[in-house]
Each structure stands twice: as structure tokens, then as C-alpha cells.
Asker: 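Just dropping this structure here.
All values reported here derive from a predicted model rather than from experimental measurement.
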Amino acid sequence: MVQYSITTRQKNGKWAYQIQIKDGDSWKYHSGKQGFEKKKDAIAAAQKVANGIEIQPEVAKDSFKAIADLYINSGIRSENSIRSYNFWLKNFEPIYDKRMTE
């Protein structure tokens with residue numbers, strides 16, 4: 001089981017979260033996002049990302065396309081962002097089936 005820590009902060013009226021995971025004896029940055037209107041929105045988004053931390057080691061064995069799709073469909077994204085990511089992803093069609101390595 002992966003240990004993680006979620007912190008939230010407010011700056012200029014907007015909320016942000018940051019997730020850190022424990023790697024041995026130290027904590028390392030995992031992910032973060034800012035620009036939430038309310039603290040509860042930041043916490044909800046952080047929890048959604050943190051729930052996916054457990055499955056990430058297995059994902060590393062998947063193909064480029066599978067990892068890209070996981071990134072696009074995780075988190076809170078607007079419809080325009082999803083369309084843009086999918087359009088960008090078409091440029092990498094030759095490497096869709098390549099396995100990702102650590």
C-alpha cells in the first residue's frame with residue numbers, strides 16, 4: 001500500500017492541492033493542481049487522484065495509448081481540454097502499442 005499526504009492551501013482567493021507519496025524514508029512530490037473556487041472542490045479532486053495512486057505501478061506496463069487515455073480521463077477536465085488532448089494524441093499513433101518503461 002502506498003502512503004500519501006494531501007495538503008491544501010489558498011492563494012489569491014483560489015484553492016490548490018498537492019499530493020506527496022512516501023518513498024522509503026522521504027516524501028516526494030506526486031501531483032498538484034490549483035485554481036479551485038472552494039476548498040471542498042480541491043479536496044474532492046485530490047481524493048480522486050489519490051484513489052488512482054494504487055493502480056499506477058501496474059499502468060507502467062501498459063502501452064503509451066493506455067497511459068495517455070488514463071491521463072486524459074482522470075481528474076477534472078473541461079470538454080475542450082479532452083478534445084484537444086485527443087487531437088494531440090493522434091500525432092503519436094505510430095507508438096500507441098509501445099510499452100512504457102520506467
Side-chain angles (χ1 to χ4, degrees):
M1 185 167 146
V2 177
Q3 286 184 326
Y4 62 88
S5 170
I6 298 173
T7 56
T8 57
R9 65 181 173 91
Q10 187 178 24
K11 185 175 182 181
N12 298 331
K14 300 285 184 173
W15 285 91
Y17 73 82
Q18 187 176 45
I19 300 175
Q20 295 182 343
I21 58 173
K22 189 160 189 170
D23 183 23
D25 292 334
S26 63
W27 290 89
K28 297 196 178 199
Y29 175 81
H30 178 271
S31 62
K33 192 169 182 180
Q34 60 188 4
F36 295 96
E37 295 293 325
K38 298 178 184 174
K39 183 177 183 177
K40 68 178 183 177
D41 295 338
I43 292 172
Q47 282 296 330
K48 188 173 182 181
V49 172
N51 290 340
I53 290 175
E54 294 295 326
I55 62 170
Q56 285 184 351
E58 293 86 28
V59 170
K61 299 175 185 172
D62 286 342
S63 66
F64 173 81
K65 175 76 166 117
I67 292 174
D69 287 339
L70 180 67
Y71 173 77
I72 291 170
N73 296 320
S74 67
I76 300 171
R77 306 214 191 294
S78 70
E79 199 61 40
N80 286 339
S81 293
I82 293 172
R83 256 185 274 138
S84 296
Y85 284 137
N86 284 324
F87 180 76
W88 164 83
L89 191 58
K90 289 180 183 177
N91 293 318
F92 295 94
E93 216 167 337
I95 62 170
Y96 273 6
D97 296 328
K98 296 284 184 188
R99 295 229 175 242
M100 300 299 290
T101 60
E102 292 184 41

Asker: CH2 of W27 to CD of Q3: how many Å apart, nearest 0.5 Å?
Answerer: 5.0 Å
Asker: Just by distance, with hydrogens left out, do R83 and N86 show a side-chain donor and acceptor under 3.5 Å apart?
Answerer: no
Asker: Can you tell if the side chain of L89 reaches within under 4.5 Å of the side chain of F64, non-hydrogen atoms only?
Answerer: yes
Asker: Quick one: closest heavy-atom pair of Y4 and A50, and the distance?
Answerer: CE1-CB, 3.4 Å
Asker: Grab the two heavy atoms, one from I19 and one from A46, that are nearest each other, plus how far apart they are.
Answerer: CD1-O, 3.6 Å
Asker: Just by distance, do the side chain of Y85 and the backbone of A68 share a donor-acceptor pair under 3.5 Å?
Answerer: no
Asker: Taking atom CD of Q10 as the centre, does the number of heavy atoms from other residues, nucleotides or ligands within less than 6.0 Å exceed 12?
Answerer: yes
Asker: Decide whether I6 and V49 are clustered together by the hydrophobic rule: side chain heavy atoms of Ile, Leu, Val, Met, Phe, Trp, Tyr closer than 4.5 Å, transitively.
Answerer: yes
Asker: Give a yes or no on whether F87 atom CZ has more than 12 heavy-atom contacts from other residues, nucleotides or ligands under 6.0 Å away.
Answerer: no
Asker: Working to the nearest 0.5 Å, report the span between CD1 of I72 and CD1 of I67.
Answerer: 12.0 Å
Asker: Heavy-atom count check: over 12 atoms from other residues, nucleotides or ligands less than 6.0 Å from K22 NZ?
Answerer: yes
Asker: Could you tell me whether the side chain of T8 reaches within less than 4.5 Å of the side chain of F36, counting heavy atoms only?
Answerer: no
Asker: Which heavy atom in A42 sits nearest to a heavy atom in W15, and how many Å separate them?
Answerer: CB-CB, 4.1 Å
Asker: Is there side-chain contact between E37 and K14, with at least one heavy-atom pair below 4.5 Å?
Answerer: yes
